[in-house]
Number of protein chains: 2
Amino acid sequence: MIETDIFKALGDPTRFQIFEKLTAGAMNATTLREGMKISQPAMSQHLAVLRDAKLIRHEKQGRFIQYEVNPDGLVVVAEWLAKYRAYWPQRIEALKELLKDMDE
Amino acid sequence: MIETDIFKALGDPTRFQIFEKLTAGAMNATTLREGMKISQPAMSQHLAVLRDAKLIRHEKQGRFIQYEVNPDGLVVVAEWLAKYRAYWPQRIEALKELLKDMDE
DNA sequence: CAAACACATAAGTCATAACTTATGTGTTTG
DNA sequence: CAAACACATAAGTTATGACTTATGTGTTTG
């Protein structure tokens, strides 16, 4: 199931950190690794898991590969979450602001 | 991290199924198990993981325990997701409708 | 064009997590 | 009040997954 693949991918703290780093902007694997005490193969394997879950995508640029967030994955989460809006308390300000932003 | 705990909890297909079942309404563990080829201890353990992640909560009722969705968990996901609204394509109709619903 | 580089992949190791069976605790029922 | 019930917990097994050390492929550079 695509949802569980996405949640499983984000359920690992290291991968979550990698993903969050990528939300700041596209980056290659070597740059991603900076300050992250993780081996090169481990990074490569984590990126493969995130890619298989459609959370990121890549683009070859010479001998580098630029990785970036793939909106598809986030959309799956957003749509899944939208099904349960009945459970969200109205008091969520951050969410309300989001709604206004997107309703324009 | 609370986010990774939530994602890890939902990353297991069996637990995801249990959670989805609970979104239909509160239920005790025995009812949850119906049609689910899962042992009683396994169910109990899965419920504990979901509870620890604040995705569900429970209420004792005699010798039964009613489990129900805890909005706290979903709110964490919603707030996390809201941070990345820049990545959501505008074409998501389901999401737009959600926004209108909540903007009232 | 040989060396350095960026990354992927293979294969093996070790920790974790999902399951099992057995048993325990509290509650209801006949 | 003894048996059945609803659930939790302990302990052990097995599958999975996160890592490691090679090694391979393609690309750039001196």
Side-chain angles (χ1 to χ4, degrees), chain A residues 1-22 24-70 73, chain B residues 1-22 24-70 73:
Chain A
M1 207 177 335
I2 181 67
E3 281 95 347
T4 53
D5 286 343
I6 288 173
F7 290 138
K8 189 175 297 184
L10 292 173
D12 178 75
T14 305
R15 269 196 302 269
F16 183 80
Q17 189 184 349
I18 293 170
F19 180 81
E20 293 251 289
K21 221 166 172 183
L22 277 178
M27 227 174 290
N28 61 50
T30 301
T31 308
L32 269 172
R33 221 146 69 79
E34 282 171 10
M36 267 203 72
K37 229 174 104 175
I38 185 181
S39 71
Q40 178 268 318
M43 173 60 77
S44 182
Q45 288 157 14
H46 280 309
L47 289 170
V49 172
L50 290 170
R51 180 171 39 75
D52 289 347
K54 312 252 186 285
L55 280 162
I56 63 173
R57 57 192 176 195
H58 63 274
E59 190 181 344
K60 274 204 78 171
Q61 288 187 358
R63 74 181 149 163
F64 292 86
I65 298 182
Q66 287 282 11
Y67 289 93
E68 62 179 3
V69 170
N70 181 353
Chain B
M1 207 180 331
I2 181 65
E3 282 95 347
T4 52
D5 287 343
I6 289 174
F7 289 139
K8 190 177 294 183
L10 292 173
D12 178 75
T14 304
R15 269 196 303 269
F16 183 79
Q17 189 184 349
I18 293 170
F19 180 81
E20 292 251 289
K21 222 167 170 179
L22 277 177
M27 228 174 289
N28 60 51
T30 301
T31 309
L32 268 173
R33 219 147 69 78
E34 283 171 10
M36 266 202 73
K37 228 174 101 175
I38 184 181
S39 72
Q40 179 268 318
M43 173 60 78
S44 183
Q45 288 156 13
H46 279 309
L47 289 169
V49 172
L50 289 170
R51 181 172 40 74
D52 290 347
K54 312 254 186 283
L55 279 162
I56 63 173
R57 56 192 177 196
H58 62 275
E59 191 181 343
K60 272 204 80 172
Q61 291 187 354
R63 75 179 147 162
F64 293 86
I65 298 181
Q66 289 282 8
Y67 289 93
E68 63 179 4
V69 169
N70 181 353

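Naming convention: chains lettered A, B, ... in sequence-line order (proteins, then strands); numbering from 1 in each chain. No hydrogens, no waters, no symmetry mates; every other heavy atom, side chains included, goes into these values. Just so we're clear, the structure is a prediction, and the values are computed from it rather than from any experiment.
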Find the distance F7(B):CZ to dG17(D):P and express it as a whole number of Å.
18 Å

Regarding the side chain of S44(A), the nearest nucleotide among dC7(C), dA8(C), dT21(C) is dA8(C)

Kindly assign one of parallel, tilted or perpendicular to the pair H58(B) and Y67(B), based on the angle between their ring planes and the thresholds 30° and 60°.
tilted

Whole angstrom is fine here: how far is it from CD in Q45(B) over to P in dT9(D)?
10 Å

Rounded to the Å, how far apart are R15(A) CZ and dA18(D) C1'?
8 Å

Nucleotide dA8(D), atom P - distance to CG of L32(B) in whole Å:
11 Å

Protein heavy-atom contacts under 4.0 Å, written 5' to 3' over nucleotides 22-30 of chain D as B (base), S (sugar-phosphate only) or - (none), form the string B---SBSS-

Nearest whole Å is fine: how far is dA17(C) P from D52(B) CG?
12 Å

Examine dT16(C): is either OP1 or OP2 under 4.0 Å from a nitrogen or oxygen in the side chain of K8(B)? Give yes or no.
no

Got a second to check how far S44(A)'s OG is from R51(A)'s CZ, nearest 0.5 Å?
8.0 Å

Looking only at heavy atoms, which two atoms of L47(B) and A29(B) are closest? And how far apart?
CD1-CB, 3.9 Å

From Q66(A) CD over to I56(A) CD1, what is the distance, rounded to the nearest 0.5 angstrom?
12.0 Å

Rounded to whole Å, please give me the gap between CD in Q17(A) and C1' in dA18(D).
15 Å

Let me confirm one number: the CG-NZ distance from D5(B) to K8(B), rounded to the nearest 0.5 Å.
6.5 Å

Closest non-hydrogen atoms of I38(B) and R33(B), given as atom of the first, atom of the second and distance, are O-NH1, 2.7 Å

T14(A) OG1 to M43(A) CE distance, which is reported to the nearest 0.5 Å
9.0 Å

Could you give the CE-to-P distance, from M43(A) to dT21(D), as a whole number of Å?
16 Å

Take the protein atom CG of D5(B) and the nucleotide atom P of dT16(C), then report the distance between them rounded to whole Å.
14 Å

Counting side-chain heavy atoms from C-beta on, which of dC7(D), dA11(D), dC7(C) comes nearest to T30(B)?
dC7(D)

5'-to-3' dot-bracket of DNA chain D (Watson-Crick, G-U; under 3.5 angstrom; crossing pairs as [ ]; | other strand):
||||||||||||||||||||||||||||||

Counting N and O atoms only, with roles assigned by atom type, does the side chain of R57(B) sit under 3.5 Å from a partner on the main chain of N70(B), one being a donor and the other an acceptor?
no

Could you state the interatomic distance from CD (Q45(B)) to CD (Q40(B)), rounded to the nearest 0.5 Å?
9.0 Å

Return no unless some side-chain N or O of T31(A) is found under 4.0 Å from OP1 or OP2 of dA6(C).
no

Please check the phosphate of dC19(C) (OP1 and OP2 only) for any side-chain N or O of S39(B) closer than 4.0 Å.
no

Would you mind telling me which of dA8(D), dA8(C), dA18(C) lies closest to the side-chain atoms of Y67(A)?
dA8(C)

